[in-house]
Amino acid sequence: MEESQLERDPRNGILALVLRPIYWLKMLAEELHWSFVLGVMIVYGVSQGFAVGMSKVSTKYYMKDEQKVQPSELQVYLGLLQLPWVIKPLWGLLTDTLPVLGYKRRPYFIFAGFLSVTSMLALSLQRNLSLAFALLSLMGTSAGIAIADVTIDACVTQNSISHPSLAADMQSLCGFSSSIGALVGYSLSGFLVHLVGPKGVFGLLSVPAGLVILVGMMLKESRVHKFTHRGVNEKFLDAGKAMWTALKFRDVWRPCLYMYLSLAVSLNIHEGMFYWYTDAKGGPSFSQEVVGSIFSVGAVGSLGGVLVYQNWLKDHPFRDLLFWSQLLYGASGLLDLVLVLRLNLNIGLPDYFFVVIDEAISMMIGRIKWQPLLVLSSKLCPAGIEGTFFALLMSIDHVGLLSSTWVGGLLLKFLKVTRTKFDNLWVAILIRSLMRIIPVFLLFLIPRNDPNLSILPEEMLKMKKGDDRLESENTEMVSLVNST
């Protein structure tokens with residue numbers, strides 16, 4: 001009521017605009033509990049947004065300047081860091097079926113936080129690390145973030161089932177938190193890398209990792225009663241059968257196939273571009289601070305994409321929105337071609353000015369393309385195994401990203417793009433941009449459903465009345481398995 005009164009009074013238009021996000025957060029906190037909303041903001045905003053933004057820049061400089069790897073090799077190594085995300089179904093299965101001390105979510109947040117903290121401190125404090133040990137520590141950090149991610153995703157998906165009308169709002173909250181956190185992280189990353197070095201930044205990142213432990217301590221969660229560890233194997237088997245049964249539904253496996261293919265064919269050649277950015281001869285020779293600022297502008301673009309989606313696009317059919325966003329995504333890739341061929345200088349646009357425009361546009365379009373896929377994924381998860389199944393869907397996405405990263409690395413290797421040689425980088429950009437159009441021809445795999453309605457059959461979304469708690473997970477899994 002307060003919000004509508006402010007909006008009706010034209011004198012309070014600006015005030016209403018400022019207060020609208022506060023009312024929105026208040027509404028979510030009242031509907032879903034404040035500890036959940038704060039948990040999303042910490043995991044997505046601090047752990048994934050801020051910390052990943054900081055670590056992305058510091059990792060790139062650490063591998064380039066201290067480990068002396070080639071761009072094609074860095075693509076492969078960064079692909080290895082995605083492996084903990086590829087096995088997200090395992091984390092999801094654990095958090096869905098194996099309570100610890102009577103809780104299904106809270107202990108996993110605490111474990112994820114401790115794993116990230118110890119890995120970051122090992123990278124920061126150990127001198128003359130071998131490449132293998134450095135990669136192992138980075139994978140430990142990645143695993144900690146992945147476990148926290150799959151656990152909060154389970155909470156989001158569970159709430160999406162009990163509050164389907166708020167599914168898009170919850171994904172927007174995740175997107176807002178991630179984008180704002182990344183903006184702050186990227187803004188500080190270049191400055192801090194220059195000031196304390198990549199290893200010093202790794203040490204600072206143990207602090208946001210520790211906040212994930214706080215989420216595990218404060219999250220509101222009901223205890224699981226009458227649990228016996230003797231039934232864990234049976235639960236794992238039931239969960240596996242339930243996932244397989246769900247995947248056999250036409251409206252489930254087809255979007256999964258689309259999500260994998262759309263990511264796999266959009267080749268990742270980011271490391272080739274990063275080395276070119278910092279090259280003194282062939283490239284613009286950007287400093288660490290400038291590189292950090294470029295990524296921060298990209299975070300602004302990503303945040304803009306979330307705002308555009310939340311305010312104007314969230315009610316549009318999935319297929320229509322993905323068609324236009326994918327076309328724009330392919331076209332935006334050609335901006336890198338203009339930059340590498342130095343055509344921007346011919347029209348009087350400085351490199352930095354052109355790069356920040358390129359980054360902002362590309363990240364905005366990428367976020368608009370990604371948001372409907374997240375909402376769609378949250379609507380494909382059966383009750384009782386929501387954490388596991390959403391993790392499976394995200395795992396499919398990360399396999400697509402891994403394929404994109406490794407094939408992109410092979411492309412850079414084939415075209416002989418090295419630490420100091422970039423003659424064929426423009427060819428890699430052209431190939432990548434053209435391949436981004438391929439998913440447009442695969443949109444028949446995406447349902448035309450209203451994004452505000454459920455997609456799965458009613459028997460896969462059974463909930464208890466009253467407190468919105470899920471029914472006994474064993475009963476639901478058996479019901480799901482037997483539904484076909």
Side-chain angles (χ1 to χ4, degrees), residues 51-86 115-146 185-186 188-206 209 268-292 294-295 401-402 404-422 425 428:
V52 171
M54 290 272 287
S55 65
K56 181 177 179 180
V57 175
S58 59
T59 300
K60 286 176 182 288
Y61 276 102
Y62 175 76
M63 299 298 283
K64 173 178 176 286
D65 296 334
E66 297 200 25
Q67 297 292 346
K68 308 293 184 183
V69 301
Q70 296 289 349
S72 57
E73 295 172 339
L74 181 54
Q75 294 253 165
V76 174
Y77 297 145
L78 293 183
L80 291 175
L81 302 187
Q82 295 180 24
L83 291 180
W85 295 81
V86 171
L115 182 59
S116 294
V117 168
T118 54
S119 298
M120 284 285 95
L121 290 177
L123 275 170
S124 177
L125 300 177
Q126 294 293 325
R127 296 183 179 181
N128 301 320
L129 285 178
S130 66
L131 179 60
F133 189 86
L135 287 173
L136 184 63
S137 297
L138 289 169
M139 287 184 68
T141 302
S142 181
I145 297 174
Y186 285 132
L188 296 175
S189 61
F191 170 75
L192 289 175
V193 168
H194 178 76
L195 186 66
V196 299
K199 298 183 72 172
V201 173
F202 291 146
L204 294 174
L205 288 175
S206 62
N268 175 3
I269 56 170
H270 291 164
E271 308 322 313
M273 292 298 300
F274 169 71
Y275 277 66
W276 182 79
Y277 281 163
T278 58
D279 187 68
K281 296 181 180 179
S285 189
F286 290 146
S287 66
Q288 296 155 333
E289 294 88 345
V290 169
V291 170
I294 291 171
F295 287 132
L401 291 171
L402 182 61
S404 169
T405 299
W406 282 355
V407 175
L410 290 174
L411 179 63
L412 293 175
K413 182 76 171 179
F414 177 76
L415 295 175
K416 296 181 173 57
V417 176
T418 68
R419 293 170 56 89
T420 57
K421 187 177 179 181
F422 307 96
L425 182 57

Heavy-atom pair of closest approach, residues [X] and [Y]:
{"X": "P84", "Y": "A146", "result": "O-CB, 3.9 Å"}
{"X": "S137", "Y": "S119", "result": "O-CB, 3.4 Å"}
{"X": "G203", "Y": "S206", "result": "O-OG, 2.7 Å"}
{"X": "G409", "Y": "S72", "result": "O-CB, 3.5 Å"}

Task: Worked verdict on M120 versus L123 for side-chain contact (heavy atoms from CB on, under 4.5 Å) - done: CA-CA 5 Å; M120 284 285 95; L123 275 170; 3.7 Å; yes
Does the [X] side chain pair with the main chain of [Y], one donor and one acceptor, at a distance under 3.5 Å?
{"X": "E66", "Y": "M63", "result": "no"}
{"X": "T405", "Y": "L401", "result": "yes"}
{"X": "Q75", "Y": "E271", "result": "yes"}
{"X": "T278", "Y": "Y275", "result": "yes"}
{"X": "R419", "Y": "K64", "result": "yes"}
{"X": "T118", "Y": "L115", "result": "yes"}
{"X": "W276", "Y": "F422", "result": "no"}
{"X": "K68", "Y": "D65", "result": "yes"}

- [ ] Report the C-alpha distance between L412 and T418 in whole Å, list the side-chain angles of each, state the deciding distance to 0.1 Å, and finish with yes or no for side-chain contact (heavy atoms from CB on, under 4.5 Å).
- [x] CA-CA 8 Å; L412 293 175; T418 68; over 6 Å; no
Open item on the list: If you apply the rule side-chain contact (heavy atoms from CB on, under 4.5 Å), what do you find for I145 with S142, and how did you get there?
Closed with: CA-CA 5 Å; I145 297 174; S142 181; 5.9 Å; no
Min side-chain heavy-atom separation [X]-[Y] under 4.5 Å:
{"X": "L402", "Y": "L83", "result": "yes"}
{"X": "V417", "Y": "I269", "result": "no"}
{"X": "W406", "Y": "L80", "result": "yes"}
{"X": "L411", "Y": "V407", "result": "no"}
{"X": "Y77", "Y": "L81", "result": "no"}

TODO: Identify the residue among V52, L138, L74 that makes a side chain to side chain contact (heavy atoms under 4.5 Å, CB included) with T59.
DONE: L138
Ignoring hydrogens and angles, write down the donor-acceptor pairs under 3.5 Å from the side chains of residues 189-202, residues two or more places apart or on other chains.
residue	atom	partner	partner atom	Å
S189	OG	Y186	O	2.8
H194	ND1	Q288	OE1	3.3
K199	NZ	Q126	O	2.3

Open item on the list: Quick one, L425 with L415, criterion side-chain contact (heavy atoms from CB on, under 4.5 Å). Give me CA distance, side-chain angles, the key distance, then yes/no.
Closed with: CA-CA 7 Å; L425 182 57; L415 295 175; over 6 Å; no
- [ ] Mind checking the NZ-CG spacing from K56 to L78? Nearest 0.5 Å is all I need.
- [x] 9.5 Å
- [ ] Nearest 0.5 Å please: distance from the CE atom of M139 over to the CG atom of L136.
- [x]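 Spacing of CE (M139) from CG (L136) equals 7.5 Å.
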Task: Aromatic centroids of F274 and Y61 separated by under 6.0 Å - done: yes
